[in-house]
Amino acid sequence: MAQYDFKTIEEKWQKTWADQACFRTDVSRKKRKYYVLEMFPYPSGRIHMGHVRNYSIGDVVARYKRMQGFNVFHPMGWDAFGLPAENAAIKNSTHPAKWTYENIDYMRTQLMRLGYSYDWEREIATCHPEYYRFEQEFFLKFLKKGLAYRKKAPVNWCPSCHTVLANEQVEEGLCWRCDSEVQQKELSQWFLRITDYAEELLADLDQLVGGWPERVLTMQRNWIGKSVGAELAFSIKGMDEQITVFTTRPDTLYGATFMSLAPEHPLVEKLISGTGQENDIRAFVERISKMDRIVRTAEDLEKEGVFTGRYCINPVTGREMPIYVANFVLMGYGTGAVMAVPAHDQRDFEFAAKYGLSKVVVISPRDATLEADSMVEAYTQPGVMTNSGEFDGMDSEAAKDAIVSMLGAKGLGRPTVNYRLRDWNISRQRYWGAPIPVVYCDACGIVAVPETDLPVELPLDVQVNPDGRSPLPSCASFVTVSCPACGKPSRRETDTMDTFVESSWYFARYTAARNEDSPFTAEDIAYWMPVDQYIGGIEHAILHLLYSRFFVKALRDEGYLSHDEPFQNLLTQGMVLLHGSKMSKSKGNVVDPDEMIEQYGADTVRLFCLFAAPPEKDLEWNDKGIEGANRFLSRLWRLVDELEGALTACGPCARVASLLDPIGRDLRRKEHDTVRRVERDIENKFQFNTAIAAMMELVNTLYAVKDELRGHPDGPLLLSSAISSVLVTLSPIAPHICEELWARMGYTRPLALEPWPSYDPEALKTNEVTVVVQVNGKLRGQITVPTDASSAEIEAQALADQNVARHIEGKTIVKTIVIPGKLVSVVVR
RNA sequence: GCGAGGGUGGCGGAACUGGUAGACGCACUAGACUUAGGAUCUAGCGGGUAACCGUGGGGGUUCGAGUCCCCCCUCUCGCACCA
């Protein structure tokens, strides 16, 4: 009697897999490939349960597909640049590089302890110069093309940390690190022109339908936020200036009665000069501009505005439209100027009501008339044009194009498309990131570092400043450089790139991870990309997944890649919760994977993560539940342990020559049916929870029949086959225990290299089948009939059933429906 | 408000194309083995004494509805003054 000593077993098999290089990538490219990838971790120190769940799902997919005969690609790496390293370095008086590499080393051993089947020979860390040198190369290509550019832009600035923050790092207006109030600040920043790809990023989402969760596709569509409309020009009374608006409703132009400008609109100052109201208006503009972005864009914010004293001219009616500055108009969308049509826009309606501005109805509903004075809210639906000159009577939808082309002929309008998507600010005033490879020269301006000088290495011989300020600007050996163009002394860019840049192409880099000459090779890209199955948290639905899609398209257009989309299929796994909320250190509700592995073993931890909930759903951690998972593995262990002498290495779904009595036949059917169900459940949206349930059922059956079957002529063979099937199908989920039991059964080749078993459809057949009998739709009886019984025979037997007979007694049978093998439905009156 | 996805035992969750609702697991109950057991094994486990009733509520289609159709309630997530 051997104990289930998971600790020894797990170490033993991890070593065997490594020694035999079981998971090294096959580069022969002969077989059909399958690239499975989990989002790589940030090396924060230790893995958490979310990682365990993510990587367990991925590992089952990898191992399953490998057994299915695919050439599986399953790499792992580290998203190693980022702010936490600097914070930790400050706190612990160390260096971000040291902290990061130590964390990587520790977390790698944690992942290894979980028995994941990664090809560690392709491991990458994004903070390594051999990685980010290519990122700098891409940046230079983008710069040359105009896809990377520098402009002055408002950013979130934390005065205490001396740095900009990403929007995600601002929590309700406060810095996530120090809780200081975040300010808006104008800074020159580097941007990537992701908006150039807005249309393709939107259109190609259609290619991902079916492969990606619908809600992620929707979120991306909303984020890109395409609206089709027109830009229309309004001249200003008494000034040689125009105001251009963006509108999706050019059909309402005849009803535009005033104009609203964003407080930041560049024309505001010009408009108000000489009106005598400059001070009031400036005060208003300043008050609104200073407002917190979140507060200002809240829906329930009261609409308010101030009249500039100026008018513009409605180009079709000639009406003089007062120009207002309004708090609800955003400079960041469209042109920062909105033509106001109070009769047909709710915001304008409210604004007009507040300031006594007139409204003109220009679209009527088909079955009613609208009176401007009696309206209680704006009419925003399509309808029939009215009060619109030559367009009266036209369908309002058709009038959109008609009005724009009429204005277009006069040079006052053009059709245009607006996106909510903004260009991607990749500048970070932080140290621990990839340097942006440009130089500022007093004579030459912005000069690109020549590609031959790459990488621009991040200097490691610096100390992080206690206040968080980047040490780079004061690092003379880094900053001072001679201009690549003219040779004169110049200054290096000290901003580093947003870490989302590194994660936007790492999945492609794995395909040629050790190639030093180029980031990718055409052959590897053509064979391995795109990723067949990507797995990660929903929190990346927009940022990482959108940036990566953009990068693939941009790199494709530079000739690096040959595909349009990085991730064919996406699985967004749910969170791991404890007591109903996300595990977090600050809340103190964390379950440490190390402790769980120590207590129950990696196989149990993996099994529980996959069994407790379907992958997309949140998983509530349950101490009793993990014990249950452990109990199942122990039961399996004891089963094999007890039968060991009787078991043979006959293979799963083994052929059984002689005729079987019912108990043997039932076990055989259960075995083959289990293989069928496990395969179906994994293929169908990775439903590991029900696949595991099927395996549990088979183990339960084995317990029920083992004693009786041992004495039968074919008993040991049947038991050996069924147990082999359990071990093979369970091995992607709990690989160590399965390997050990597999070896103890007498198999000599590692289970990791075993093919997936194929069940025999013949073995699923039965001689008899249970048929249920309904009378008027209610279940009244069950009968057992031969599988090949005719409908008439089944019907006769059903009507003969005692309980059925009782319910039809004295009534007339109107109709009888027989579904062979399923049910009989009798309708009586 | 818009969009996406959910509401099934005490709990996590099953139910293939409409066909025995509650698989599997947790918890619980009883029993067995034990000096003892939070170990293991066996049995039970939606409600109701029963007829029957039960998948958020109400209609409908059907021989038959958790599953299809209509209306409503509710929860989670994302977006949200986008002109």
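From a predicted model like this one, the values you see are computed outputs, not experimental measurements. Naming convention: chains lettered A, B, ... in sequence-line order (proteins, then strands); numbering from 1 in each chain.
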Q. If you find the nucleotide of RNA chain B closest to A:T218 and the one closest to A:A704, which residue's nucleotide is nearer the 5' end?
A.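 Closer to the 5' end of RNA chain B: A:T218.
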Q) Starting at the 5' end of RNA chain B, which residue's closest nucleotide do you reach first, A:N222 or A:F328? A) A:N222
Please work out if [X] contacts a base, only the sugar-phosphate, or nothing of the nucleic acid, heavy-atom cut-off 4.0 Å.
| X | result |
| --- | --- |
| A:N418 | nothing |
| A:V338 | base |
| A:Q346 | nothing |
| A:Q220 | nothing |
| A:G225 | nothing |
| A:R635 | sugar-phosphate |
| A:P213 | nothing |
| A:V329 | base |
| A:E697 | sugar-phosphate |

Using whole Å, report how far [atom1] of [X] lies from [atom2] of [N].
| X | N | atom1 | atom2 | value |
| --- | --- | --- | --- | --- |
| A:F608 | B:G12 | CZ | C1' | 8 Å |
| A:L232 | B:A83 | CG | C1' | 12 Å |
| A:L610 | B:A14 | CG | P | 14 Å |
| A:W637 | B:U40 | CH2 | C1' | 17 Å |
| A:L607 | B:C26 | CG | P | 11 Å |
| A:F246 | B:C82 | CZ | P | 12 Å |
| A:M219 | B:G78 | CE | P | 7 Å |

Quick one: is [N] close enough that its OP1 or OP2 comes under 4.0 Å of any side-chain N or O from [X]?
| X | N | answer |
| --- | --- | --- |
| A:R347 | B:C82 | yes |
| A:T248 | B:C82 | no |
| A:R215 | B:U76 | no |
| A:R420 | B:A80 | yes |
| A:R422 | B:C82 | no |
| A:R780 | B:C52 | yes |
| A:K303 | B:C81 | no |
| A:R638 | B:C41 | yes |

Q: Please give the nucleotide sitting opposite B:G3 as a Watson-Crick or G-U wobble pair, both distances under 3.5 Å, or none.
A: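 Checking every strand shown, B:G3 finds its partner in B:C77, with both distances under 3.5 Å.
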Q) Is there a Watson-Crick or G-U wobble partner for B:A21 with both distances under 3.5 Å, and if so, which one is it? A) none
Q. Which atoms form the tightest heavy-atom contact between A:R669 and A:T766, and what is the distance?
A.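 A:R669 and A:T766 have their closest heavy atoms at NE-CG2, 2.9 Å.
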Q.
For the residue pair A:N700 / A:R635, report whether a side-chain donor-acceptor contact shorter than 3.5 Å exists.
A.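 Yes.
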Q) Between the side chains of A:E199 and A:Y419, is a donor N or O closer than 3.5 angstrom to an acceptor N or O? A) yes
Q.
Please determine whether any donor N or O and acceptor N or O are separated by less than 3.5 Å between the side chain of A:Q774 and the base of B:G19.
A. yes
Q) Hey, are A:R638 and A:D641 close enough for a salt bridge, meaning a charged N less than 4.0 Å from a carboxylate O? A) no
Q) Does the distance from a Lys or Arg side-chain N to an Asp or Glu carboxylate O, for A:K400 and A:E397, drop under 4.0 Å? A) yes
Q. Distance from A:L610 atom CG to A:I692 atom CD1, nearest 0.5 Å?
A.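 A:L610 CG to A:I692 CD1: 5.0 Å, rounded to 0.5 Å.
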Q: For the residue pair A:Y355 and A:F351, categorise the inter-ring angle as parallel (less than 30°), tilted (30 to 60°) or perpendicular (more than 60°).
A: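 Judged by the thresholds at 30° and 60°, the geometry between A:Y355 and A:F351 is tilted.
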Q.
If the glycosidic angle sits within 90 degrees of zero it is syn, else anti. Tell me which applies to B:G6.
A.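 Anti conformation here, the glycosidic angle of B:G6 being more than 90° from 0.
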